[in-house]
Amino acid sequence: MNIVVLAGGLSTERDVSLITGSMVTRALREKGHQVIMLDVFMGYQDEETDITDIFEHCQEASVPEGVITAKEPDLAKVKAMRKDQSDCFFGPNVIAICQAADFVFMALHGENGENGKIQAAFDLFGIRYTGTGYLGSALAMDKGISKKMFDAAGIPTPHWISMKKDAQKTLAETGLGLPCVVKPCCGGSSIGVYIAETEEEYHAALNDAFRYEDEIVVEQYVRGREFSVGVIDFQALPVIEIAPVEGFYDYENKYKAGSTVETCPAQIPEEIAERMQQIAVRVCECLGLDTYSRMDFLLNEQGELFCLEANTLPGMTPTSLLPQEAAVLGIGFGDLCEKLIQVSSEKYSRD
């Protein structure tokens with residue numbers, strides 16, 4: 001197949017996306033596919049190359065592999081690097097090259113990757129892509145909306161409220177106690193997420209979280225063990241436990257090798273694992289997430305489960321969770337990449 005792996009972009013998870021893209025590109029090439037890795041924002045800017053036969057020059061057309069640093073990327077610097085300095089989100093030739101591909105593997109994370117906008121645009125352009133469609137992507141990306149749907153569907157989630165920047169609430173007005181968690185409404189990779197232990201920390205967390213978005217979510221902190229469950233085609237994968245060596249599962253602990261102990265299958269009673277898997281599938285049904293996704297959970301000391309959020313384009317980095325879960329079932333990384341294309345392709349055959 002001729003495949004475009006679409007990565008990069010302008011979200012705070014840009015670096016993570018480039019690593020996902022690099023890993024997927026390498027794996028699919030090893031499977032015999034012709035693969036171009038494109039940065040959705042930078043595009044392909046070599047004006048001297050005729051893109052009609054671009055898949056014959058995959059290596060030259062692809063962006064170089066990236067690295068994940070301990071800090072989020074400088075997006076202003078990224079924007080300044082684009083040659084045409086256009087306001088268009090899609091870089092030069094991105095749409096044309098994606099239209100020429102048999103399939104686009106979505107290796108994007110965060111805003112304008114997981115929020116449904118690119119998916120909607122691709123639907124209009126007739127471009128086939130991996131992952132759930134625009135509506136499910138939009139619902140899952142917005143934590144305020146998805147949590148409302150969790151509550152309506154009886155899916156357990158921590159007590160929470162959403163808050164607008166121009167209508168901020170004191171801690172007492174939220175009805176939540178300390179500690180509490182403050183997070184951007186549509187963020188990812190735990191960027192801008194804070195655990196506030198005092199009122200002073202709560203107000204500092206608000207100020208920082210509102211730097212990212214004009215709406216945030218504040219939820220009751222649940223002390224317990226962290227887990228994740230991947231779902232492919234409405235079939236739950238084995239549960240994985242995530243235990244950071246220090247602190248909580250923040251941006252650095254997610255992507256710095258050795259900073260988190262991950263155990264799959266998780267060492268928990270079978271009944272709890274099955275309940276977590278059942279809830280994960282219910283989340284997919286609730287939010288309309290077809291093809292594949294990953295749900296994050298907390299388990300407190302009383303044995304209560306809480307679903308935190310859904311991820312519609314789970315990471316595929318060396319330390320990512322979905323590949324580890326699939327490996328327990330004997331599905332190697334390359335086979336997993338092909339399987340995600342397969343289940344996504346079947347969606348189009350049903351339409």
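- Checking side-chain atoms of Asn93 against main-chain N and O of Ala96 turns up no donor-acceptor pair under 3.5 Å.
- In this structure, CD on Glu271 lies 7.5 Å from CD on Glu274, to the nearest 0.5 angstrom.
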Let's go through Phe297 and Ile279 carefully: what are the C-alpha distance in whole Å and the side-chain angles of both, what is the deciding distance for side chain to side chain contact (heavy atoms under 4.5 Å, CB included) to 0.1 Å, and is it a yes or a no? CA-CA 10 Å; Phe297 290 88; Ile279 294 173; 3.6 Å; yes
Could you tabulate the donor-acceptor pairs under 3.5 Å formed by side-chain atoms of residues 148-156, not counting sequence neighbours?
residue	atom	partner	partner atom	Å
Asp151	OD2	Trp160	NE1	3.0

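- Listed here is the closest heavy atom pair of Ala7 and Gly21: CB-CA, 4.3 Å.
- Under a 3.5 Å cut-off, the side chain of Thr291 and the backbone N or O of Thr132 do form a donor-acceptor pair.
- Salt-bridge check for Glu325 with Arg294: failed, with every basic side-chain N at 4.0 Å or more from each acidic carboxylate O.
- Not one N or O on the side chain of Asn311 forms a donor-acceptor pair closer than 3.5 Å with the backbone of Pro314.
- Annotation: salt bridge (Lys or Arg N to Asp or Glu O under 4.0 Å) contacts involving residues 84-99, sequence neighbours excluded, comprise Arg82-Asp84.
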Yes or no on side chain to side chain contact (heavy atoms under 4.5 Å, CB included) for Val231 and Tyr292, after CA distance, side-chain angles and deciding distance? CA-CA 5 Å; Val231 176; Tyr292 62 98; over 6 Å; no
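- The main-chain N or O of Cys307 is never found under 3.5 Å from a side-chain atom of Glu309 such that the two would form a donor-acceptor pair.
- Of the possible polar contacts, none joining the Glu213 side chain to the Phe210 backbone as a donor-acceptor pair under 3.5 Å is found.
- At distances below 3.5 Å, not a single donor-acceptor pair connects side-chain atoms of Asp39 with backbone N or O atoms of Gly43.
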Tabulate below the donor-acceptor pairs under 3.5 Å that side-chain atoms of residues 330-343 make, not counting sequence neighbours, or state none.
residue	atom	partner	partner atom	Å
Asp335	OD1	Lys31	NZ	2.4
Glu338	OE2	His33	NE2	2.7
Gln342	NE2	Glu346	OE2	3.2

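- In this structure a side-chain-to-backbone donor-acceptor pair under 3.5 Å is present from Ser320 to Gly315.
- Looking at heavy atoms from C-beta onward, Cys185 lies out of side-chain contact with Ile216 at the 4.5 angstrom threshold.
- Side-chain contact between Ile195 and Pro179 is present, with at least one heavy-atom pair separated by less than 4.5 Å.
- Contact annotation: the side chain of Glu304 never approaches that of Leu299 to less than 4.5 Å [non-hydrogen atoms, C-beta and beyond].
- Checked for salt-bridge contact, Arg26 and Glu30 miss the test: no charged N lies under 4.0 Å from a carboxylate O.
- Between Gly113 and Leu108 the shortest heavy-atom distance is CA-CB, 3.8 Å.
- Not a single donor-acceptor pair under 3.5 Å links the side chain of Thr260 to the backbone N or O of Ile242.
- Between the side chains of Arg29 and Gln59, a donor-acceptor pair is found at a separation under 3.5 Å.
- Below 30°, between 30° and 60°, or above 60°: for Phe103 and Tyr348 the angle between ring planes is above 60°, a perpendicular geometry.
- Annotation: side chain of Cys180 is in contact with side chain of Tyr202 (closest heavy-atom distance under 4.5 Å).
- Listed by chain and residue number, Leu10, Arg14, Phe41, Met42 satisfy the side-chain contact (heavy atoms from CB on, under 4.5 Å) test with Val78 (two or more places apart in sequence, or in another chain).
- Contact record, Val229 with Leu237: CG1-O, 3.8 Å, taken as the closest heavy-atom pair.
- The structure places CG of Leu298 at 8.0 Å from CD of Glu219, a figure rounded to the nearest 0.5 Å.
- Separating the CG atom in Leu178 from the CD atom in Glu197 is a distance of 8.0 Å, to the nearest 0.5 Å.
- Applying the side chain to side chain donor-acceptor pair (under 3.5 Å) test to residues at least two apart or on different chains, the pairs with a partner in residues 231-243 are Arg225-Glu241.
- The structure places CD1 of Ile54 at 11.0 Å from CG of Asn2, a figure rounded to the nearest 0.5 Å.
- Between the side chain of Gln220 and the main chain of Gly177, a donor-acceptor pair closer than 3.5 Å is present.
- Thr130 places no side-chain N or O within 3.5 Å of a backbone atom of Phe105 that could act as its donor or acceptor partner.
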Let me see the working for Leu305 and Asn300 under side chain to side chain contact (heavy atoms under 4.5 Å, CB included), right down to the final yes or no. CA-CA 7 Å; Leu305 283 172; Asn300 69 11; over 6 Å; no
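- Lys147 and Thr157 form a side-chain donor-acceptor contact under 3.5 Å, judged by distance and modelled atom types alone.
- Inter-residue side-chain proximity for Met141 and Thr312 is flagged as unmet; no heavy-atom pair is nearer than 4.5 Å.
- For the atom pair CD (Gln99) and CZ (Phe122), the distance works out to 9.0 Å, reported to the nearest 0.5 Å.
- Linking ILVMFWY side-chain heavy atoms closer than 4.5 Å, directly or via other members, places Val94 and Leu124 in two distinct hydrophobic clusters.
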Go through Gln34 and Met1 one step at a time and tell me if the side chain to side chain contact (heavy atoms under 4.5 Å, CB included) criterion holds. CA-CA 6 Å; Gln34 294 193 113; Met1 294 178 71; over 6 Å; no
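- There is a side-chain donor-acceptor pair under 3.5 Å between His109 and Thr20.
- One finds the OG atom of Ser137 at 12.5 Å from the CG atom of Asp142 (value rounded to the nearest 0.5 Å).
- Screening residues 117-140 for salt bridge (Lys or Arg N to Asp or Glu O under 4.0 Å) gives no qualifying pairs among residues at least two apart or on separate chains.
- In plain terms, the two heavy atoms of Val328 and Pro265 that are nearest each other are CG1-CD, 3.9 Å.
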